[in-house]
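This report refers to the structure that appears directly beneath it.
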Amino acid sequence: MTSVPWLSAALVLPLATAAVAAAVDRRRTGALYGVGMAGMLAVAAVAGVVFVRFDARSAALQFVERAPWIPSVGIGYHVGVDGISLPLVMLTAVMMPLALLSAWGSITERVKELVVVLLVLESALLGTFVAQDLVLFYVFWEAVLIPMYFLIGLWGGPARVLAAMKFLLYTMAGSALMLVAIIVLYLQSGAQLGARTFDLVALQGLRLDPALEPWLFAAFALALAIKVPVWPLHTWLPDAHTEAPTAGSVILAAVLLKMGTYGFLRFVLPLFSASAVRYAPALMALAVVGVLYGGAVSWAQRDVKRLVAMSSVSHLGLITLGLFALSPEAVQGSLLQMVNHGLSTGGLFLLVGVLYDRTHSRRMDDYGGVASLMPRLAPLALIVVLSSLALPGTNGFVGEFLVLVGTYRVAPRYAVPALGGVILSAAYLLWMYQKVMHGPVAVREPAAVRDLSRREQALFWPLVILIFWIGLYPAPLLRRSEASVRALLALVHERAAAPAAVPAQAPPAPSFPTAPSAVVDRGLPAGPPADAREFRAAPGGEVRP
Amino acid sequence: MTVPLAAYQALGALLFALGVAGVLLRRNALVVFMSVELMLNAVNLSFVAFARQHAAMAGQVAVFFVVAVAAVEVVVGLAIIIAIFRARETVDLDSVDLLRG
Amino acid sequence: MTLTLLVGLPLAGWLVLGLVGSRLPRPAVAAVGCASVGAAFAVAAALARDPAVAGVGLRETWFDWIVAGGLAVQAGAVYDRLSALMAQVVTGVGFLIHVYSAGYMAADPGYARYFAALNLFVAAMLILVLGSSLLVLFVGWELVGLCSYLLIGFWFQRDPAASAGRKAFLVNRIGDAGFLLGILVLVAAGGTLEIARMGEVAARLEPGVLTAITLLLFWGATGKSAQLPLYVWLPDAMEGPTPVSALIHAATMVTAGIYMIARLHPLYAAAPLTREVVALVGAVTAFFAATAALTEWDLKRVLAYSTISQLGYMFVAMGALAPPAGLLHLTTHAFFKATLFLAAGSVMHALGGTVDMRRLGGLAGPMRATFLAFAAGALALAGVPPFAGFVSKDLILEHAYAAFRAGGSVVPWLLGLLTAFVTAVYITRAAVFTFAPPAAHHGHPHEPPPSMAWPMAVLALLSAAGGVLGARAVGAPLVRSLEEYFGLPHPESPVGAWVAAAPVAASLAGIAAALLLYRGRRKVSLGVVGRLFARQWYVEALYEAAVVRPARAAAQLLAVLDVRGIDGAVMALAGAVGRAGAGLRRLQTGYVRSYAAVLLVGTVLALGYWVLR
Amino acid sequence: MEVALFVLAAAGALAGGVGVVASRLPVRNALSLLLVLVCLAVLYLLLAAPFIAVLQVIVYAGAIVVLFLFVVMLLHARSGEPPPDRLRGQRPLAALLVAALLAALAAVVRAGPQAAAPPPPEFGTAQAVGRVLFTTYLLPFEVASVILLVGMVAAVVIGRPLPRPPAGPGEARR
Amino acid sequence: MTAALDVRLLLPELVVLGTALVVLLASVGGAASRPAVLRWLAVAGAAAGLGAVAAVPPAGGAAFWGSYVRDPLTAALQAVVLVGTLLAVILSGEYVRRTRLDAGEFYALVLVAAAGAMLMAASADLLLLFVGLETLSVPLYVLAALARADARSQEAGLKYFLLGAFATAFFLYGVALAFGATGSTALAALSGAAPSATLRAAVALLTTGLAFKAAVVPFHVWAPDVYEGAPLPVTAYMAVVAKAGAFAAFLRVFVATLGPRVGEWGAVLAAASVLTMVVGNVAALHQTGIKRLLAYSSIAHAGFLLTGVLAASPAGTAAVVFYLLAYTLMTLGAFAVVLMVRRADGEADRIADLAGLASRSPALGAAMAVFMAALTGLPPTGGFAAKFLVFTAALDAGYTGVVVVGVLSSVVSAYYYLRVAYTLFSGAPVPGVALVEDRWVPAALALAAAGTVLLGVFPAPVLSAVGQVAAVFR
């Protein structure tokens, strides 16, 4: 569909830039940062082209590139984007330059290594989101680990060594079993599809043995749930986020965690539909626990960075909740919320980073009255905070509302307690904001707390613009994800309803139940959740034709 | 009356086990080494008995190879033992414990 | 387009002040701030003449906001009689208070920030008022909350102000969670959030669902409109600048709950159970807050409790299916409570911010204009004819009585009557302590500058004469219009004359009692009851002990368990593997004989498996 | 006759074996090994392997054991096993393991075939060995020569005196 | 049976052994004082051997009266052995010169051992296998003890030798029992023999012998001590070539011969594999010496390799060969990094000695990161591709549990591997530690790194080459 290999360009550009950076004299830190920034902006430009040229009406993969890679084992280089990967590609392309910018001026040691690591990381992250071959995906997925390990381990805080190792081992442990499941899928594909393959699109045609499917589902779900992280698999997160340098925390929160939620959408739902539907309540329950638990624990933190880190557990809980609600609103909301969380929590980490650069403390008790000292920071920080607590008008609200609406329609019992997160997020975020920004000036060296430099303002402005843009006019994003989400859910429900292990012709499309939706907990219906048609059929302005 | 071949095998097994016991129990490197030689000889007996049983010469040829290899091992082994003795004035294996963990 | 202009004007003011305000000279800041709101008032007033307003209302669709799955929410505005009334109150009172602020805040370093936030508030309030969809209303609902947070904590350098702002946001958030849930139920069950289609939704939904929706939304209203049990933020909100208290925490924002119920009238009309709850909560709150005001020494907090109490009246009206009465009271309350706050602000302005009534007094002389304004407001509040409050409060109590006669509870009416008495007592007490001799202050009180005096005067006038909007004598134009709007009958005289007279009598009795009690005296003990009142019936203490502290403790416990328990298990697993590694190291003894034994173990196992199987 | 010889030789071999393992004097160990070797040679004769029997006596007994004896003499008697034994659990462990090994081997021996046809006339002679050795096992035979070469190199390189200090490898390594 | 005496088939072995003789003679003839010449000779020999492997067409069937076979498996395994030998020789030169090891003997023994491993790969007869095994082992005993003045080297030699001889006796007993069960020493006879206690005992004892050489748990106990004590280049060489030889034998005996009877031996090797992966990786966690760490690493990798053997399938066999190649490159690469570093007072063989070296040479740090990632099995390196292939084969054969243990123990291994890579980047260099000035070591390092990465990114060519070994099963 396109002659220019845009996606490959996005994958190769960072690596090429890394090669260039490797050749730059290590003492010329400015040049190194400049080279890195140029590369990342080029990637962002490529992503912009992809975004603009993306055909929102199509649910199909676009910008597809395929080439044989290891043909003897059925592994191909197969990349493409659809409405599910596009937002995350964009998020990555936007957040990486900001992460680099956050280091510029803040990190002066081992700059060359830093730039190279960040560029490699960008390539791997983008690859994770565009790969359409399971092995290719896994390669990118794991390739993220090493640069991230070094990012935390080399430029991190005082407890960085342990945090980096914990991050690495914990997330690797999950992925390990996913690899096994990937291979099992491949082996299964031989009998049914004629040839063994790792191609995701082909594997979606697989009818798995009902005895096997839950295990594969579990293996994938474990890996992804650790990455997300779903409660109670989250404990690597506070350490890693807290100890990582600002750039690392930003990438971790903004992009890395989304690998997990994206993985659920991209792989778990279409490949293991029956189990996904069957175990959705369990995952939703965990997600809700995460929402509340993460919020409560955040509230109790005395370390600013740890507070922000734990808030991710809460936010990602909501995203997971939406994913497994399996209704179009919830899934689209989740997808949007992935972007939103990237922007807002990324912004919060940038905020913490800016503060840390000045005071070298993460303890809330060491702060106070910063708004007086940094009047330029205060409103920007507030906007980011408000985005994070999902104030209407900001991006967070749109995503959160969609998730809640979509979840409530199919599983009220999970949506209602999740509202507690709405309260908790305000509790801990405003608590933090007050402790840091308000009150009499209480920092140890007020003179060292200069207001934002131009570079630092440049960190926040893109975020602020996106926060309001998505908050007020999310249509460009929602429109692009709609067709793909719809197609995905149709596939999931069709596959979940179809008798497994009957590799006969496609089963008849399940008839949509027509019972009017009502305020009763229907649990999770086997078919599509509370009928979409009925939902839209109410006459009048709010329902689209 | 002839001796059953199993008796030879049994004798071989016994000698082999004796050799094993020697390796496990003795600390003198030389004696340990002799115990290994005992094990090799037990194997040889087994080979020859099997050769007789199958009327196949391969078993006897095998002994030839074992003897050749044993000879080389003796040369190498004794060279190493002597070298160690020159350095430490002992062939007690328990005192050779710089490397562990 | 014009509705866009209406919202856009203050929004533009905010943008200008927010982005470049700190670089503008003060007069320019004040000019932008006041002009944007003034222009908005002009637009609102002009639009209200449009004939369409009397019909289905002016409609504007701005853009598709959230379109996903089966949900399609459009951002748009409706300008009908209800929103026109509210928009004019908001922009009108807002404009006056902006002008007042120009003088009141003249010396504050955060001048531009102040006006930016105030402009944003007006814009947000207009979004709330005009929003064509409940979700757009909710945006405004939350944004006014944000502005409230910003303005309560305007002097963020002071910890109490910052904390009060946070408390306001948080308590409101608790209400909003319920509100949001109500929206969720509504969208799931009704399929739409379009306000224009609520009638049809109400007709379609089962009563139980309707009750659930309306109760949940009302829960949100108790937060925003400071009713029991979520009133606790409003007294603290007095930490903000006084004009802010006047505009946000008296005249406009806190009435959003009443406005919302009026906006969703079809739903509430069809939910009698909810209405009963609304009326009861309103009545209990009205009485409760009035008693709290009775023993309060902080002038602004007296007014704050008074606001809570008066909002209670409005909810009584909404519960009695008399939204016109409630909205009338909303309007008159906006006038007289703003007057009272501005007068209080004037006192503070004159005395360097003193609000403790024990350190006031004797101001009637040096601050005559202020005193007169306060008196007008107080009389209106007390419900003395013919002041504005008399008309509206009377109407509410009449409707409450009518509702009782129609089979409802008697409690709202009885408590309302009782509250009328208490109201008169506390506001007289406040007036006496503040303005009557002896003077307990050490300052040199002076009248406020014209920029403050004029708005105060205008509002005082409205407090005195605002009753015409609802006075039967003049045909009650506003009430009629609203009754038409809501499709309600116009009861000529719903109840007997004694019912109408009773509140007046209660008020006058209250004033008399207060004069008797407090004139010339400061230390009046009400005994045990007084202590109960002074501690607001221990509601806050109860929250602190039963909610806040346990929640905080639970969070802290969870945080510890997170590290010790969940992460502890993970680390224990890792530690076990590590110890296994150390153990295996110890097995590597370095002795040849041990190694030979290990080899033999392996061999024996292999042999055993193969030979014996 | 055959039985008597077997019993005699087997007893000798076992006695020698025990001697190798149990004797505290290295010289006696070596001589016990010699006894084993000679007894085995007798058994080889009984098993129709005259060439191997001769090989056994000449190479094994004649060369290898002599080498052992030579080294034993070189290292003197003090190169024994001074007390205490640091591995206290070793004896019972060894007993257990060896018993288990014997049990497994006994099972194998018991299960093995019992009868055998009488061997062909030429069986076990030097010619027979040679015929097989230089056809089927030509390649291993040639490779064995390489191993022998390695043995020579080993003897030379390990027995060579240390290079002179200061820059010897001894100093170069911790 | 093809031509009984086709010496052309032996060309690779002859080239290598011939070079060994030439090196020895040159050393005796006066070149001993010029180790560079000897290194050139050895490099040329290994390279020529590699060329010979490529040049001699795999003939299929057995030669030399059924004792020898040159099929695609032989060729592939010998190629791996020779790649390891070539790199090891290139790596060793600087160390041999600096510490004055006996260069002639060193190179000659290295080449002889390589020939032994090559013969094991080509064995179709248990006696040839035995002789090949000894040709591999005896030089390694000597090499381990080559640093004569060093007590640790002596100790390594003694332990390796005594335990090796002990294990050899078991192996031999296995050969004897196999002969007893079938009346023949040909491997082919085993595959068709009727099941009997003797045969099963034979398999058990053969396994013991091979498992010892491959350092499979519990036959691994010698490895940490010997790896630590032996001179660094010897350890490097031993780690790869002994492993390759042992697994060549595993493939020959278990897959190519007993493959159809996998039901009789699969469970034991599965258990051994699990045990090896777990023990190897867990015991490595707390090591402080790099050689000892890599010893446990080599043990752990034996476990991973076994999973490929278990599959007893063409894909599994190809995977094992691929794994051996990747393992050779990444292990030698890791040793190369250590060989790049020296201390004034000896080998820089503690992990701590590597601290901060990336600041002196970023390329060295990057290379170590690549090798450690590869040893962990992280993509996109050859280590990942290799593990992926063996696991795929094992899963295909139904060994899900083994593979699960395998992937989880890989996770454990990340702890110690990446700690090493991290050490290079963090902290300041230890006083007294310097980088060696030599062009050969960096060259080998670069080759190993490039190979490791290429095997991960573009494995297809190598994969199709090792895919040829499937011919063995037809």
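Each chain gets a letter, A, B and so on, in the order its sequence line appears, and its residues count up from 1.
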Can you tell me how far apart CG (Leu127(E)) and OG1 (Thr136(D)) are? Round to the nearest 0.5 Å. 10.0 Å
Most contacts with chain E, counted as non-hydrogen pairs under 4.5 angstrom, among Thr135(D), Val108(D), Leu138(D): Thr135(D)
Which bit of Thr185(E) comes within less than 4.5 Å of chain D, counting heavy atoms only: side chain, backbone, both or neither? both
Test log, rule side chain to side chain contact (heavy atoms under 4.5 Å, CB included), inputs Phe106(E) and Val157(D): CA-CA 10 Å; Phe106(E) 176 85; Val157(D) 75; over 6 Å; no
Tell me, for Leu177(E) versus chain D, whether the close heavy atoms (under 4.5 Å) come from the side chain, the backbone, both or neither. side chain
Leu139(D) side chain reached by Leu10(E) side chain, heavy atoms, under 4.5 Å: yes
Taken to the nearest 0.5 Å, the spacing of Glu142(D) CD from Leu119(E) CG works out to 11.5 Å
CE of Met152(D) to CG of Leu24(E), rounded to nearest 0.5 Å, is 8.5 Å
Got Gln154(E) and Ile158(D) here, is their nearest side-chain heavy-atom distance under 4.5 Å? no
Report which part of Leu143(E) has an atom under 4.5 Å of a heavy atom belonging to chain D: side chain, backbone, both, or neither. neither
Looking at Leu109(E), Leu128(E), Val142(E), which has the largest count of heavy-atom pairs under 4.5 Å with chain D? Leu128(E)
Could you go through the side chain to side chain contact (heavy atoms under 4.5 Å, CB included) check for Tyr173(E) and Leu105(D) one step at a time? CA-CA 11 Å; Tyr173(E) 206 171; Leu105(D) 291 179; 3.8 Å; yes
Turns out that what part of Val146(D) lies under 4.5 Å from chain E's heavy atoms comes down to side chain
In terms of heavy-atom pairs under 4.5 Å with chain D, the winner among Ala115(E), Ala202(E), Ala108(E), Pro139(E) is Pro139(E)
Name the region of Val112(E), side chain, backbone, both or neither, that has any atom closer than 4.5 Å to a heavy atom of chain D. side chain
Counting only heavy atoms closer than 4.5 Å, note whether Thr135(E) contacts chain D via side chain, backbone, both or neither. both
Using heavy-atom distances under 4.5 Å, tell me whether Leu17(E) contacts chain D through its side chain, its backbone, both, or neither. side chain
Contacting moiety of Leu129(E), where chain D heavy atoms sit under 4.5 Å: neither
